[in-house]
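One structure is given below, encoded as structure tokens.
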Amino acid sequence: MSDTHAQTVSYVRETMLPQAEPPVGNRDALLWMRENLFSGWLNILLTLVSLYVIWWALAHTMPWVFRGIWNAGSLSECREIRDATLPEGISAACWAVLGDRWQQLMFGFYPRELYWRPVLALVIFLAAIAPVLFAHVPRRALWFTALSPFVMFWLLWGGSVWFPVSIAFGFVLGWAAWRALSGPAGTLVASIVAALLPIVYWLYTAGPLARELEQVLALGIEYVPSQDFGGFMLSFIIGIAGIILSLPLGILLALGRQSDLFIINKISVGFIEIIRGVPLIVWLFTASLLLNYFLPPGTNFDLMLRVIIMVTLFAAAYIAEVVRGGLAALPKGQYEGADSLGLSYWQSMRLIILPQALKISIPGIVNTFIGLFKDTTLVVFIGLLDPIGLSNAIRASTEWNGIYWELFVFIGLLFFICCFSMSRYSLYLEKKLQRGHN
């Protein structure tokens, strides 16, 4: 533009204006509300109706919650305090049942003087999963992660220290068999032997070996039978064991279903379809009533262990399908690229295929874990006293006969905290592994 033309155009600015605040309607919360709550007449109507429903629900529940009575020894005493302190017709929660029975809801009939053992086992578990969940934890801590299940088992059940040691020795046998046979016999044969050898050892040798070691050197703590386990401790044990054991088994089943080996493929497909086609409650009854018929004579299989096995197999079948979806979502070029590098099947799966497939499958895997943890309440139907079973026992007692909402609000809140924490970690892991910006 020439100087003459610039002088005749009055609106040409020579300097930048200073930065100004946006209009009031375009700021932060007001902008969000205008775009999300009041963007049109239908949205405005739905917002007003939703606000009324929320207000109505809170107006009818919050007074009941905050007027709750905490100091009472029975439901009748709660009602006497309510009638003496509140106007007629006003209701109030009887939270005193939680103060009176919270130990039972959390630990079942576990001896009170031994509460430190499940608490310490929980602390060990949280420390053990840290190297798996968070990358900044030193990898050397995985040794502690590998040993922690045997320590937690010994703390929870007690008894001789040699029993968990003999169980751990089975994994050492499997690892030694795989190392010895992977070269001369091939990876497939070595893997099969490494899986079957510990099972045979645990069924026939682990128990007698532990008893012989106990006779030589008696080391142990007070034994607590599985019948004393209950409450959220029972749900945590079954849920955590099922989650930890079902993930690797589900991955192997997914790989087996995509295998070109006829027998492995058909066994994997049959297992997955049969397990997924039957409700979990049927498998729990199978674990409770029928599993002993398929074991060697004289074998005494603990009911909780049978339930853990069935829950693990059930969750593994669902995880196998989730992981198979992740494997199918990968482009064919990933498999071809692994082959072009000269990697073996297991190397390509471990280094290239599975890391990408599992990243894709994170939402489905965590969803399966959340469902598994909530399904632990089904064990009440086979006689195990989970939180729901204990709430029924509490409501059947003389002191708290007739109590209802308070127990289920407490149980629901604890389940929500656990499941919400898993979902938040899932979102954190997805964002951390996101590579779309690269």
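Residues: numbered from 1 along the sequence shown. Remember, it's a predicted structure, so these values are computed and weren't measured experimentally. Keep in mind that the numbers below use all heavy atoms, side chains included, and drop hydrogens, waters and symmetry copies.
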Matching residue for Leu203 among Val200, Ile199, Thr205 - test: side-chain contact (heavy atoms from CB on, under 4.5 Å): Ile199
Nearest-0.5 Å distance, CD1 of residue Ile365 to CD1 of residue Ile243: 11.5 Å
Steps toward side chain to side chain contact (heavy atoms under 4.5 Å, CB included) verdict (Ile352, Gln356): CA-CA 7 Å; Ile352 296 178; Gln356 299 180 75; 3.6 Å; yes
Proximity of Trp102 and Phe232 rings by center, below 6.0 Å: no
Donor-acceptor contact present, side-chain Tyr201 to main-chain Ser166, <3.5 Å: yes
Considering all heavy atoms, the nearest Pro131-Thr145 contact: CG-OG1, 3.6 Å
Check: residues 416-425 side-chain donor-acceptor pairs under 3.5 Å, at least two apart:
residue, atom, partner, partner atom, Å
Ser421, OG, Ile417, O, 2.7
Ser423, OG, Phe420, O, 2.7
Tyr425, OH, Leu133, O, 2.7

Centroid separation Trp95 to Trp64 less than 6.0 Å: yes
Side-chain donor or acceptor of Thr286 paired with backbone N/O of Val282 under 3.5 Å: yes
Side-chain touch Leu247/Ile319, heavy atoms, less than 4.5 angstrom: yes
Heavy-atom neighbours of Trp202 CH2 exceed 12 at 6.0 Å: yes
Test item: Leu384 and Phe229 side chains (from C-beta on) under 4.5 Å apart, heavy atoms: no
Heavy atoms of other groups near Arg67 CZ, more than 12 under 6.0 Å: yes
Phe125 versus Met152, closest heavy-atom pair with distance: CB-SD, 3.4 Å
Donor-acceptor pair, side chain of Ser288 and main chain of Phe285, under 3.5 angstrom: no
Qualifying ring pair (Phe, Tyr, Trp, His ring centres under 6.0 Å) pairs with a residue from residues 371-399, counting only residues at least two apart or across chains: Phe236-Phe373, Phe373-Phe415
Minimum side-chain heavy-atom gap Ile129-Ile244 below 4.5 Å: no
Distance in Å, Leu155 CG paired with Ile124 CD1, rounded so as to fall on 0.5 Å steps: 5.0 Å
Test item: Glu406 side-chain N/O and Cys94 main-chain N/O as donor-acceptor pair under 3.5 Å: yes
Donor-acceptor contact present, side-chain Tyr110 to main-chain Gln103, <3.5 Å: no
Under 3.5 Å donor-acceptor, Thr47 side chain and Leu37 backbone: yes
Nearest-0.5 Å distance that lies between atom CG in Leu280 and atom CD1 in Ile275: 10.0 Å
Leu42 CG: over 12 foreign heavy atoms closer than 6.0 Å: yes
Side chain proximity check, Leu407 to Leu390, heavy atoms < 4.5 angstrom: no
Main-chain N/O of Asn36 paired to Asn43 side chain as donor or acceptor, under 3.5 Å: yes
Closest heavy-atom pair and its distance - Ala72, Ile81: CB-CD1, 4.2 Å
Ser74 side-chain N/O to Glu77 backbone N/O, donor-acceptor pair under 3.5 Å: yes
Sub-4.5 Å side-chain heavy-atom contact between Leu213 and Leu209: yes
Gln334 and Pro331, any side-chain heavy atoms less than 4.5 Å apart: yes
OG-CG distance between Ser235 and Leu414, expressed to the nearest 0.5 angstrom: 10.0 Å
Criterion ring-ring contact (aromatic ring centres under 6.0 Å, His included) on Phe169 and Trp162, from CA distance to verdict: CA-CA 10 Å; Phe169 184 69; Trp162 297 114; over 10 Å; no
Closest heavy-atom pair and its distance - Ile237, Ile308: CG2-CD1, 4.3 Å
Parallel, tilted or perpendicular, as decided by the 30° and 60° cut-offs, for the rings of Phe163 and Phe153: tilted
Closest contact, heavy atoms only, Leu378 versus Ile281: O-CD1, 4.0 Å
Side-chain donor or acceptor of Gln258 paired with backbone N/O of Ala254 under 3.5 Å: no
Full working for ring-ring contact (aromatic ring centres under 6.0 Å, His included) between Trp56 and His60: CA-CA 6 Å; Trp56 182 89; His60 285 76; 4.3 Å; yes
Rounded distance [0.5 Å steps], CD in Glu222 versus CG in Leu114: 5.0 Å
Within-4.5 Å side-chain heavy-atom neighbours: Asn265 and Leu261: no
Flag side-chain contact, heavy atom, 4.5 Å: Leu105 against Ile394: yes
More than 12 heavy atoms from other groups under 6.0 Å of CZ on Phe262: no
Any residue meeting salt bridge (Lys or Arg N to Asp or Glu O under 4.0 Å) with Glu430, in chain and number order, not counting sequence neighbours: none
Heavy-atom pair with the smallest gap, counting every atom of Ile353 and Leu330: O-CD1, 3.5 Å
Donor-acceptor under 3.5 Å (Ser259 side chain, Gly256 main chain): no
side-chain hydrogen bond (donor to acceptor under 3.5 Å, both in side chains) evaluation trace for Trp157 with Asp302: CA-CA 12 Å; Trp157 275 271; Asp302 186 83; 5.0 Å; no
Electrostatic pair Glu321-Arg324, nearest N-O below 4.0 angstrom: yes
Aromatic ring pairing Phe134/Tyr428, orientation class (parallel under 30°, perpendicular over 60°, tilted between): tilted
Worked verdict on Arg257 versus Glu273 for salt bridge (charged side-chain N to carboxylate O under 4.0 Å, His left out): CA-CA 11 Å; Arg257 184 157 192 168; Glu273 297 302 331; 3.0 Å; yes
Spacing of Leu341 atom CG and Gln347 atom CD [to the nearest 0.5 Å]: 10.5 Å
Chi angles and distances behind the side chain to side chain contact (heavy atoms under 4.5 Å, CB included) call for Leu156, Val224: CA-CA 7 Å; Leu156 290 171; Val224 179; over 6 Å; no
Trp400 and Asp100: CA distance, side-chain angles, deciding distance, side chain to side chain contact (heavy atoms under 4.5 Å, CB included) verdict: CA-CA 10 Å; Trp400 303 108; Asp100 185 50; 2.9 Å; yes
Derivation and outcome, side chain to side chain contact (heavy atoms under 4.5 Å, CB included), residues Leu385 and Gln104: CA-CA 10 Å; Leu385 292 179; Gln104 195 172 359; over 6 Å; no
